[in-house]
Amino acid sequence: MNYTFNTIFYEVTRRCNLSCPLCMASSNAPEVVRESVKRELSTTEIEQRVLIPAREIGVKVMTWSGGEFLVRDDAVELLRLASKHGFESSVCTNGMLVTKERLRELHAASDGSLVVAVGINSIENENSWTRDCDCAVALKVIAMCGELGIKRHVVVNVGRHNLATIEHTLQYLEERGIPYNRSPFTARGSGCGYFEKLAVSAQEMKETLHPALRKHANGYISYTPFFLSPELHERFSKGRRNRTVPQNPSIGCWVGTWLAISAEGAVSPCGILLDVINCGNVREKTLKQIIDDSPVYQDLLDRNKLQGKCGRCRYKFTCGGCRAMAYFKHGNPLAEDPQCFFEPVDETTVCEHEAETNRIFKRYAFMVRHAGRSMMKTAPAAPKV
């Protein structure tokens, strides 16, 4: 079976000395890190088992994350190899090791395709409580990228820890033309101990988080619930899908449009699920074989298999519900999204937010096309600003 995935998210072992109580990266435990480093893919293995096979399934963008990607001695070489094989590169970083000289080096290695992504959970509060470093560090990196003409991006991890400031944070990014995506707070890494306390409820999603998210086109395709008319998306996408998962652009839940790969080569349908769902290892099978052979991947590529209210929803293809939240709440990635407040009777039930979603989606689509970028390339390879 043929597939077209947009992005590969490659996560290196966490090897920096920083430790944040809510960090969503891979494990901070020293004994886990020491063992992981021993098993992680070499530069050659990444080229042969990730980059080359990825081109065969239509991947356009390599997202390098961690841990801290820039602690790898071969970071520049990996970007050079990615460019050699036709990929754009996005580097997720805490910003602590970023200098103008380093940015120029990375930008040159990526043949000018580089996107630098930093984490900002709150403009108002100290970012270091929920990230590796203070917000000022991330803003400094954004400023340097602006000076050097390098595309920049922000990842906002959303939960109860930033509900009070989320509107101001997103407005700040929007006013400065900085694209972003939201990442839900889940029981990953150190977040396991805070999940019940900080993951938002459906009511909090309805009253605070969702109204803030849907106001801003710069991050418009990266969250659930997402009430886009399937008929409108069909017109824009010309029917492009990965099985049943919509592309051109990908919207709502990104599961089924990207692949996440751990430092040791394990493949998961979502970066947030890397610790708990292993669909196969690139040292043992090709990427295509892993997707073909994995019941999890095959199920997730068929959104007709979604359960609960997600399965009877008009927006199961244009939204899909957050598969990571479904897993962490119900232990099943096909279960309904526990943070969704919409209660459809069946697939004919239209959400009150559909008209607004359609209107801002059109604005987003115009932004992307006006920036001269393919609609197949989704965040974090976002419109140039």
When hydrophobic residues are tied together by side-chain contacts of less than 4.5 Å, even through go-betweens, does Leu97 share a cluster with Leu79? yes

Output for pair (Asn162 CG, Arg182 CZ), nearest 0.5 Å, gives 12.0 Å

Item to check | Intermediate values then yes/no, side-chain contact (heavy atoms from CB on, under 4.5 Å), Thr63 and Ile8 | outcome: CA-CA 6 Å; Thr63 296; Ile8 280 186; over 6 Å; no

- Query: Going by heavy atoms in the side chains, are Leu106 and Val116 under 4.5 Å from each other?
  - Reply: no

| request: Check the pair Ser110 / Glu88 against side-chain hydrogen bond (donor to acceptor under 3.5 Å, both in side chains), numbers first and verdict last. | output: CA-CA 7 Å; Ser110 70; Glu88 297 183 15; over 6 Å; no

Nearest heavy-atom contact between Ser122 and Thr169 is CA-OG1, 3.4 Å

### Task
Check for a donor-acceptor pair, side chain of Asn181 on one end and backbone N or O of Val155 on the other, with a separation under 3.5 Å.
no

Does Met96 reach the side chain of Leu70, with side-chain heavy atoms less than 4.5 Å apart?
-> no

Given the ring of Tyr172, does Arg176 sit roughly above its face, with NZ or CZ under 6.0 Å from the centre of the six-membered ring and within 45° of the axis?
yes

> Is there a side-chain contact between Val350 and Tyr315, using heavy atoms and a 4.5 Å cut-off?
Replying inline: yes

Would you say the side chain of Arg188 lies within less than 4.5 Å of the side chain of Asp275, judging by non-hydrogen atoms? yes

query: Does Ala266 offer a backbone N or O that forms a donor-acceptor pair with the side chain of Asn278 under 3.5 Å?
result: no

Those residues at least two apart in sequence (or on a different chain) that pass salt bridge (charged side-chain N to carboxylate O under 4.0 Å, His left out) with Arg314 are Glu231, Glu354

side-chain contact (heavy atoms from CB on, under 4.5 Å) between Leu273 and Thr186: does it pass, once the steps are laid out? CA-CA 9 Å; Leu273 295 172; Thr186 58; over 6 Å; no

message = Under 4.0 Å between a side-chain nitrogen and a carboxylate oxygen: does that hold for Arg241 and Glu234?
response = yes

By side chain to side chain donor-acceptor pair (under 3.5 Å), Thr318 pairs with (sequence neighbours left out) none

Requested in this report: Output yes when a side-chain donor or acceptor of Arg303 lies under 3.5 Å from a complementary backbone atom of Phe317, and no otherwise.
Outcome: yes

For this session: Please examine the side chains of Met325 and Glu336, heavy atoms only from C-beta on, and report whether any two atoms are closer than 4.5 Å.
Result: no

Smallest heavy-atom separation, Pro333 atom then Tyr327 atom, equals CD-CD1, 3.8 Å

In terms of heavy-atom contacts, Leu334 and Asn332 come closest through N-OD1, 2.9 Å

- Task: If the plane angle is over 60° it's perpendicular, under 30° parallel, otherwise tilted; pick one for Phe227 and Phe342.
- Result: perpendicular

Closest heavy-atom pair, Met144 versus Thr99, reported as atoms and distance to 0.1 Å, is SD-C, 4.1 Å

To the nearest 0.5 Å, atom CG of Asn248 lies from atom CG of Asn6 at 9.0 Å

Side chains of Ser201 and Gln203: any donor to acceptor distance under 3.5 Å? no

_I'd like to know if the side chain of Arg160 and the backbone of Lys197 have a donor-acceptor N/O pair within less than 3.5 Å._
yes

Rounding to 0.5 Å, atoms OG (Ser83) and CG (Leu114) come to a distance of 10.5 Å

Rounding to 0.5 Å, atoms CG (Leu301) and CZ (Arg243) come to a distance of 5.5 Å

### Message
Less than 4.0 angstrom from a charged side-chain N to a carboxylate O is my criterion; do Lys309 and Glu343 meet it?
### Response
yes

| request: Please confirm whether the backbone N or O of Pro225 pairs with a side-chain atom of His210, one donor and one acceptor, at under 3.5 Å? | output: yes

**Item:** Heavy-atom side-chain contact between Thr7 and Thr257 under 4.5 Å
**Value:** no

- Message: side-chain hydrogen bond (donor to acceptor under 3.5 Å, both in side chains) for Ser113 and Asp111? Distances and angles first, verdict last.
- Response: CA-CA 6 Å; Ser113 73; Asp111 198 26; over 6 Å; no

**Message:** Using modelled atom types and a 3.5 Å cut-off, is there a donor and acceptor pairing between side-chain atoms of Asn157 and backbone atoms of Ser183?
**Reply:** yes

Between Ile52 and Ile291, is there shared hydrophobic-cluster membership here, with clusters defined by ILVMFWY side-chain heavy atoms closer than 4.5 Å? no

Report task. List the steps and the verdict of salt bridge (charged side-chain N to carboxylate O under 4.0 Å, His left out) for Glu174 and Lys215. Result -> CA-CA 10 Å; Glu174 184 92 358; Lys215 288 180 182 179; over 6 Å; no

Check whether Asn281 reaches the backbone of Glu264 with its side chain - one donor and one acceptor, N or O, closer than 3.5 Å. yes

- Evaluate the ring planes of Phe361 and His233, with Trp represented by its six-membered ring, and classify them as parallel (under 30°), tilted (30 to 60°) or perpendicular (over 60°). tilted

In short, Cys322 meets Cys253 closest at the heavy-atom pair CA-SG, 4.3 Å

**Q.** Chi angles and distances behind the side-chain contact (heavy atoms from CB on, under 4.5 Å) call for Leu173, Val156
**A.** CA-CA 10 Å; Leu173 298 173; Val156 184; 4.2 Å; yes

Side chain proximity check, Ile123 to Thr165, heavy atoms < 4.5 angstrom: no

Check: Is there a donor-acceptor pair under 3.5 Å between the side chain of Ser268 and the backbone N or O of Ile277?
Finding: yes

Exercise for the section: Report the C-alpha separation of Val118 and Val137 in whole Å, then their side-chain angles, then the decisive distance to 0.1 Å, and conclude whether the side-chain contact (heavy atoms from CB on, under 4.5 Å) test is met. Expected result: CA-CA 9 Å; Val118 295; Val137 176; over 6 Å; no

Rounded to the nearest 0.5 Å, the CG atom of Asn121 sits from the SG atom of Cys135 at a distance of 9.0 Å

ask   = Does the pair Glu56/Lys288 count as a salt bridge with the N-to-O cut at 4.0 Å?
value = no

Practice item. Determine yes or no for a side-chain-to-main-chain donor-acceptor pair under 3.5 angstrom, with Glu68 supplying the side chain and Asn94 the backbone. Key: yes

Heavy-atom nearest pair, Leu300 first then Arg323, reads CD2-CD, 3.8 Å

Do Asp74 and Leu81 touch side chain to side chain, with heavy atoms closer than 4.5 Å? no

Ala263 backbone acceptor or donor facing Tyr10 side chain under 3.5 Å: yes

Rounded to the nearest 0.5 Å, the CD1 atom of Ile57 sits from the CG atom of Leu259 at a distance of 5.0 Å

